[in-house]
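All residue numbers in this chain count up from 1 along the given sequence.
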Amino acid sequence: MKLAKCVLFAALGLGSALMAGIASADELKEIRIATEGTYPPFSYLDKGKLTGFDVDIANALCERMKIKCEIVAQEWDGMIPGLVAGKYDAIVASMNITEERKKKIDFSNKYYATPARFITVKDGGVSAITPADLAGKSIGVQVSTTQSNYLEENYKDSDIKQYKTVDDAAMDLANGRIDTVFSDAALLYVWMKTKDGACCAFVGGDVVNEKYFGVGKGVGVRQGEVELREQFNKAIAELRADGTYEKINQKYFPFSIY
């Protein structure tokens, strides 16, 4: 009986200690937010400082939430594991809200939504994008992305080449090493406006499929952190309502990406 009581009290004490260490979202004064840092114009390094659309959105959200933010760079492959492990408190990294990812983490409402598209070298021989049209062709894509999953399941007769970043894939396209690249349309649009990207153009139309690409990009948080997720939702709505979102959008894109 004494042993049982000791175990009970110990369990209660541990539970109290754990609860004391978990602050509610309202009590948070500072959070860490992960972004990729190699995904211009959404997140990239400029003179050693993280910048881009995602970074500006993250800072604006934290300002509305009255929380101090530390934004850190995280490689894409480790983005979700790092959140789950507690390395940071949220992800603002152009991450699609998908059912598969929702098995591991929670998401805010979308803060933008753009389709996926293919690009190819102008007059390069690729004129259509169906699986049959691209059979035997090489397609570049960033590893561990929704676009990669889509290609692997639907373009089984193509040579799918995985890259660490979209820029790496795009440069191989520009240099004639692959036939096409598949990625986010807004990202590809901006790359094609650069000197290196002048070689290339969109081919085919928008690729929209909720099964693979979800309903847009959201802020990722750990499962069960409902208060923090709702604070992000409220802040996103406020940015949309007061014109801040539009100003950030226009800084990077000549068209709405919401």
Side-chain angles (χ1 to χ4, degrees), residues 25-26 28-46 49-74 76 79 83 88-98 101-102 105-117 145-147 166 183-194 206-208 210 213-222 225-258:
D26 289 334
L28 286 176
K29 301 299 181 185
E30 182 173 354
I31 62 174
R32 286 164 61 86
I33 295 178
T35 194
E36 189 175 1
T38 58
Y39 195 64
F42 293 98
S43 63
Y44 58 99
L45 289 172
D46 182 14
K49 182 179 179 181
L50 281 169
T51 189
F53 177 83
D54 281 334
V55 177
D56 287 359
I57 288 291
N59 282 322
L61 291 173
C62 288
E63 184 178 342
R64 290 298 182 283
M65 294 162 64
K66 295 181 173 56
I67 294 176
K68 182 180 178 182
C69 282
E70 179 188 3
I71 301 178
V72 298
Q74 167 65 53
W76 183 257
M79 194 73 72
L83 176 64
Y88 31 81
D89 306 291
I91 295 170
V92 181
S94 296
M95 184 170 282
N96 282 299
I97 304 165
T98 66
R101 286 175 176 152
K102 284 164 70 174
I105 64 174
D106 285 343
F107 285 95
S108 71
N109 297 334
K110 74 168 187 178
Y111 66 93
Y112 83 90
T114 50
R117 290 198 69 175
T145 58
T146 54
Q147 290 89 5
V166 178
S183 188
D184 183 273
L187 174 69
L188 295 174
Y189 172 86
V190 172
W191 180 77
M192 288 188 295
K193 292 296 183 182
T194 68
D206 293 349
V207 180
V208 179
E210 193 170 313
F213 307 118
V215 295
K217 279 74 169 174
V219 179
V221 298
R222 282 182 288 275
E225 297 198 346
V226 178
E227 290 182 54
L228 181 58
R229 184 191 69 205
E230 291 307 311
Q231 281 204 0
F232 276 119
N233 284 340
K234 182 173 181 289
I236 290 168
E238 289 175 355
L239 294 186
R240 292 281 300 157
D242 68 11
T244 302
Y245 183 95
E246 184 179 0
K247 289 179 182 178
I248 296 172
N249 187 138
Q250 291 179 347
K251 179 179 176 181
Y252 296 96
F253 309 101
F255 49 85
S256 173
I257 66 169
Y258 186 79

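Within the 4.5 Å cutoff, the side chain of Phe232 has heavy atoms near those of the Val221 side chain. The shortest side-chain heavy-atom distance between Asp106 and Glu225 does not fall under the 4.5 Å cut-off. Annotation: side chain of Val219 is not in contact with side chain of Arg229 (no heavy-atom distance under 4.5 Å). The shortest side-chain heavy-atom distance between Ser108 and Ile236 falls under the 4.5 Å cut-off. Looking only at side-chain heavy atoms (C-beta outward), Asn96 and Arg101 come within less than 4.5 Å of each other. Put simply, the side chain of Arg222 does not reach to within 4.5 Å of the side chain of Leu228, judged on heavy atoms.
Checking Thr145, Thr146, Thr114 one by one against Asp184, the side-chain hydrogen bond (donor to acceptor under 3.5 Å, both in side chains) holds for a single residue, Thr114. Partner of Met95 under the side chain to side chain contact (heavy atoms under 4.5 Å, CB included) criterion, chosen from Asp54, Leu83, Ile105: Ile105.
The nearest pair of heavy atoms linking Phe213 to Ala116 is CZ-CB, 4.1 Å. When all heavy atoms of Ala185 and Arg117 are compared, the closest pair comes out as CB-CG, 3.8 Å. Of all heavy-atom pairs between Thr244 and Ala60, the closest is CG2-CB, 4.3 Å. Closest of all the heavy-atom pairs between Ser94 and Tyr112 is OG-OH, 2.6 Å. Residues Leu50 and Val55 approach most closely at O-CG1, 3.7 Å, considering heavy atoms. The two residues Val72 and Arg32 have their closest heavy-atom pair at CG1-NH2, 3.7 Å.
In this structure, CD1 on Ile67 lies 10.0 Å from CG on Leu61, to the nearest 0.5 angstrom. With values rounded to the nearest 0.5 angstrom, Thr51 atom OG1 is found 6.0 Å from Asp46 atom CG.
Figure legend: Arg240 and Tyr258 shown as a cation-pi pair, the cationic atom lying under 6.0 angstrom from the six-membered ring centre and within 45 degrees of its axis.
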Can Glu230 and Asn233 be said to form a side-chain hydrogen bond (donor to acceptor under 3.5 Å, both in side chains), step by step?
-> CA-CA 5 Å; Glu230 291 307 311; Asn233 284 340; 3.3 Å; yes
side-chain contact (heavy atoms from CB on, under 4.5 Å) evaluation trace for Ile257 with Tyr252 | CA-CA 10 Å; Ile257 66 169; Tyr252 296 96; over 6 Å; no
Glu246/Gln250 under side-chain hydrogen bond (donor to acceptor under 3.5 Å, both in side chains): CA gap, chis, key distance, verdict = CA-CA 6 Å; Glu246 184 179 0; Gln250 291 179 347; 3.2 Å; yes
Go through the steps to decide whether Tyr189 and Leu187 satisfy the test side-chain contact (heavy atoms from CB on, under 4.5 Å), and finish with yes or no.
-> CA-CA 5 Å; Tyr189 172 86; Leu187 174 69; over 6 Å; no
side-chain contact (heavy atoms from CB on, under 4.5 Å) assessment of Leu239 paired with Arg64 = CA-CA 8 Å; Leu239 294 186; Arg64 290 298 182 283; 3.7 Å; yes
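A distance-only check finds no donor-acceptor pair linking the side chain of Asn59 to the backbone of Cys69 [under 3.5 Å]. No donor-acceptor pair under 3.5 Å is formed between the side chain of Tyr88 and the backbone N or O of Glu70. Within the 3.5 Å criterion, the main-chain N or O of Tyr111 finds a donor-acceptor partner in the side chain of Tyr245.
Under the rule for a side chain to side chain donor-acceptor pair (under 3.5 Å), Lys247 has no partner lying at least two apart in sequence or in another chain.
We find that Lys234 and Glu238 are joined by a salt bridge, their nearest charged nitrogen and carboxylate oxygen being less than 4.0 Å apart.
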Acceptor/donor pairs from residues 33-43 side chains to any protein atom, 3.5 angstrom cut, sequence neighbours excluded:
unit_1 : atom_1 : unit_2 : atom_2 : d
Thr35  : OG1    : Ser43  : OG     : 3.4
Thr35  : OG1    : Val92  : O      : 2.9
Glu36  : OE2    : Thr38  : OG1    : 3.3
Glu36  : OE2    : Gln142 : NE2    : 2.8
Ser43  : OG     : Gly37  : N      : 2.9

